[in-house]
Amino acid sequence: MIEFVKHTLKNGLRVLIHPDNSTPIVTINTVFDVGAKDENENRTGFAHLFEHLMFGGSIHIPEFDGPLQNVGGQNNAFTSNDITNYYLTLPKQNIETGLWLESDRMLSLAFTTESLEVQRSVVIEEFKQRYLNQPYGDVWLLLRPLAYSTHPYKWATIGKEVSHIEDAKMEEVKAFFYKHYTPQNAILSIAGDVKPDEIIELVEKWYGTIPAGNKYNRNLPKEPKQTEARFLEVKRNVPQNALYKAWHMCNRLHADYYAFDLLSDILSRGNSSRLYQELVKEKELFTEIGAYQMGSMENGLFIVSGKVKEGITMDKANEAIEKCLESLSHELVEEQELTKVKNKVESTDTFGHINGLNKAMRIGYFELLGNADLANEEMKKYEQVSAEDLRRITTESIIPSNCSTLYYLAEKKN
């Protein structure tokens, strides 16, 4: 149970405070309701670019890391297709330094040409190193547009192509910031040995005068129902063939999300899981294989991917995956198997409640979804999933007409 106090500033900033006297370290987490899905299709990668720009100096503070490190703090950030999240941890006696730093970059970045060019270069280099020049690095640059035809989930967080960041103008960067990185588009969650009244006073002091920004209504195009199987085959300089399969599934708030999550665990969580036992250990078709769901806020993807063993044809490997999944639509998962994966989820959830950073992120994320209290209700929803639910979602969604398949082949050397 994560207990918290909620307070909303006049400028719309939502503040969640979780008192936890078990640690002298305080977490300050800021989640912005902006991700790659909010970008212009001809200017992708902006949300990820801002993950870097937010450390390049704000309106009154030329450098972010130095003042934080001087008071024993550390920080990081991540971007997804749905959100941008910044977090820092520091000793509780220095919490005001953290609020000073975070509030100043919410007020405004410095927007210097030097900072833009430095971070632009960093992002471009990351794009090339991690996505273009790394084995299997471009998988999501291929699989997303294969699975999505319309919705902006069809491009990866890094962006569609390098040129979008190379050609980004300062005016475009500023417009993106002032549209999305505003108090009313953010949630601040603080966890640690703090007193809520004192934190509210400090937050009002540092954030209260920041302009709320203009409210906008997100209007994303809806992805049409997939009715035919999709297929793509590519050849790359990689050590072995790989196979990726993606099925459309529900959004993060749908009741079936928990069934899909447990289904992925039944298929691939641990060496006793079905895909490992059947396709790696018994039939020796794959050297490794996994299943997972993307956890997307809007309708997401359920993925099965694996490295195909040398000498095994891609069609044979693909057919084996489909047969393994098809069996779940005919036979109910035994109660013992379902209980085992539920227990693993509960164990992970329990350990997650030990870490202050995890708790701050968790309540912030669920507040963004609509209600921070949902963070305390998830286990009930996992417990309610039945074997029949697993069979139903498999029958309805894990079917060929809803599937996009990528054959990622290793180039043969002469």
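- We find that R218 and D33 are joined by a salt bridge, their nearest charged nitrogen and carboxylate oxygen being less than 4.0 Å apart.
- W206 and S103 make their closest contact through O-CB, 3.3 Å (heavy atoms, listed as atom of the first residue, atom of the second, distance).
- Using modelled atom types, one finds no donor on one side chain facing an acceptor on the other under 3.5 Å when comparing N185 with T182.
- Other residues, nucleotides and ligands place more than 12 heavy atoms under 6.0 Å from the CD atom of E117.
- There is no side-chain donor-acceptor pair under 3.5 Å between S272 and Q277.
- Considering only heavy atoms from C-beta on, L90 stays 4.5 Å or farther from I25 through its side chain.
- Ion pairing between a basic and an acidic side chain is recognised when a charged N comes within 4.0 Å of a carboxylate O; D167 and R120 show no such pairing.
- Side-chain contact between Y382 and Y257 is present, with at least one heavy-atom pair separated by less than 4.5 Å.
- Judged by distance alone, the side chains of D82 and S80 never bring a donor and an acceptor atom under 3.5 Å apart.
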Stepwise side-chain hydrogen bond (donor to acceptor under 3.5 Å, both in side chains) check, H164 with E39: CA-CA 11 Å; H164 290 182; E39 297 162 349; over 6 Å; no
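- Heavy-atom neighbours of Q336 CD from other residues, nucleotides or ligands within 6.0 Å: at or below the threshold of 12.
- In E377, the CD atom is crowded: over 12 heavy atoms of neighbouring residues, nucleotides or ligands sit closer than 6.0 Å.
- With hydrogens and angles ignored, the 3.5 Å screen pairs no side-chain donor or acceptor of D193 with any backbone N or O of T23.
- In this structure, Y181 and F176 have tilted ring planes: the angle between them lies in the 30° to 60° band.
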Evaluation steps, side-chain hydrogen bond (donor to acceptor under 3.5 Å, both in side chains), between Q293 and S264: CA-CA 7 Å; Q293 47 76 28; S264 72; 5.5 Å; no
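- Annotation: the span from M106 atom CE to D104 atom CG amounts to 11.0 Å, rounded to 0.5 Å.
- Considering every non-hydrogen atom in both N11 and I210, the closest pair reads ND2-O, 3.0 Å.
- Under 4.0 Å is where a charged nitrogen must lie from a carboxylate oxygen, and between R392 and D256 at least one such pair does.
- A salt bridge between E278 and K323 is absent, with no side-chain N of the basic residue lying under 4.0 Å from a carboxylate O of the acidic one.
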Is there a ring pair (Phe, Tyr, Trp, His ring centres under 6.0 Å) between F302 and Y292 once you walk through the steps? CA-CA 6 Å; F302 185 89; Y292 54 95; 8.2 Å; no
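- The shortest distance between side-chain heavy atoms of T394 and F260 does not fall below 4.5 Å.
- A salt bridge links E337 to R274: at least one charged side-chain nitrogen sits closer than 4.0 Å to a carboxylate oxygen.
- With respect to K309 and E288, no salt bridge is recorded, no charged nitrogen being found less than 4.0 Å from a carboxylate O.
- Listed by chain and number, the residues in a ring pair (Phe, Tyr, Trp, His ring centres under 6.0 Å) with F111 are F177, Y178 (sequence neighbours excluded).
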Before you tell me yes or no, could you show the steps for S401 and R230 under side-chain hydrogen bond (donor to acceptor under 3.5 Å, both in side chains), namely the whole-Å CA-CA distance, both residues' side-chain angles and the distance that decides it to 0.1 Å? CA-CA 8 Å; S401 62; R230 297 171 187 167; over 6 Å; no
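- Annotation: the span from E282 atom CD to E284 atom CD amounts to 10.0 Å, rounded to 0.5 Å.
- Residues S386 and E388 have side chains that never bring a donor and an acceptor to within less than 3.5 angstrom of each other.
- For the 3.5 Å distance criterion, the side chains of E298 and H151 qualify, holding a donor opposite an acceptor.
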Please evaluate residues I398 and L328 with respect to the criterion side-chain contact (heavy atoms from CB on, under 4.5 Å), reporting the C-alpha separation (whole Å), side-chain torsions for both, the decisive distance (0.1 Å), and the verdict. CA-CA 10 Å; I398 312 300; L328 286 162; over 6 Å; no
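- A salt bridge links R14 with E367: at least one charged nitrogen is closer than 4.0 Å to a carboxylate oxygen.
- Checked against K307 for a side chain to side chain contact (heavy atoms under 4.5 Å, CB included), the options Y408, F286, Y136 give a single hit: Y136.
- Inter-residue side-chain proximity for F50 and T79 is flagged as unmet; no heavy-atom pair is nearer than 4.5 Å.
- Between Y148 and Y153, the ring-plane angle classifies as perpendicular under the 30° and 60° cut-offs.
- Salt-bridge annotation for K316 and E319: absent, with no side-chain N of the basic residue lying under 4.0 Å from a carboxylate O of the acidic one.
- S268 places no side-chain N or O within 3.5 Å of a backbone atom of D265 that could act as its donor or acceptor partner.
- Taking the side chain as every heavy atom from C-beta outward, W247 and L301 never approach each other to under 4.5 Å.
- Inspection of the S397 and N402 side chains reveals no N or O donor paired with an N or O acceptor under 3.5 Å.
- More than 12 heavy atoms of other residues, nucleotides or ligands sit less than 6.0 Å from atom NZ of K381.
- Side-chain contact check for E310 versus Q240: every heavy-atom pair is 4.5 Å or farther apart.
- Applying the 6.0 Å contact sphere to NZ of K342 captures more than 12 heavy atoms from other residues, nucleotides or ligands.
- A distance-only check finds no donor-acceptor pair linking the side chain of Q129 to the backbone of Q134 [under 3.5 Å].
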Could you go step by step and tell me if F46 and H180 meet the ring pair (Phe, Tyr, Trp, His ring centres under 6.0 Å) rule? CA-CA 11 Å; F46 269 46; H180 296 289; 9.9 Å; no
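- Side chains of I158 and T44 form no contact here, defined as non-hydrogen atoms less than 4.5 Å apart.
- A cation-pi contact, defined as under 6.0 Å to the ring centre and within 45° of the axis, is absent between K281 and Y276.
- A salt bridge does not link E383 with K380: none of the charged nitrogens is closer than 4.0 Å to a carboxylate oxygen.
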Under the side-chain hydrogen bond (donor to acceptor under 3.5 Å, both in side chains) rule, what do E3 and H18 come out as? Steps first, then yes or no, please. CA-CA 6 Å; E3 297 181 347; H18 167 61; over 6 Å; no
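- For the pair R105 and E102, the salt-bridge criterion is met [side-chain N within less than 4.0 Å of a carboxylate O].
- Side-chain contact check for Y86 and N76: no donor-acceptor pair (N or O, by modelled atom type) lies under 3.5 Å.
- E41 has a carboxylate O that lies under 4.0 Å from a charged side-chain N of K160, or vice versa, which qualifies the two as a salt bridge.
- Evaluation of the side-chain hydrogen bond (donor to acceptor under 3.5 Å, both in side chains) rule for K344 yields no partner, not counting sequence neighbours.
- The local environment of CG in N214 is sparse, with at most 12 non-hydrogen atoms from other residues, nucleotides or ligands closer than 6.0 Å.
- For T339, there are no side-chain hydrogen bond (donor to acceptor under 3.5 Å, both in side chains) partners two or more places apart in sequence or in a different chain.
- When the shell of 6.0 Å around CD of E166 is examined, it contains more than 12 heavy atoms from other residues, nucleotides or ligands.
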Full working for side-chain contact (heavy atoms from CB on, under 4.5 Å) between N358 and H353: CA-CA 7 Å; N358 286 349; H353 281 55; over 6 Å; no
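- Using a 4.5 Å cut-off on side-chain heavy atoms (C-beta onward), L68 and N70 make no contact.
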With salt bridge (Lys or Arg N to Asp or Glu O under 4.0 Å) as the test, would you mind laying out the steps for E378 and R252 before giving the verdict? CA-CA 11 Å; E378 287 239 290; R252 186 62 177 79; 3.2 Å; yes
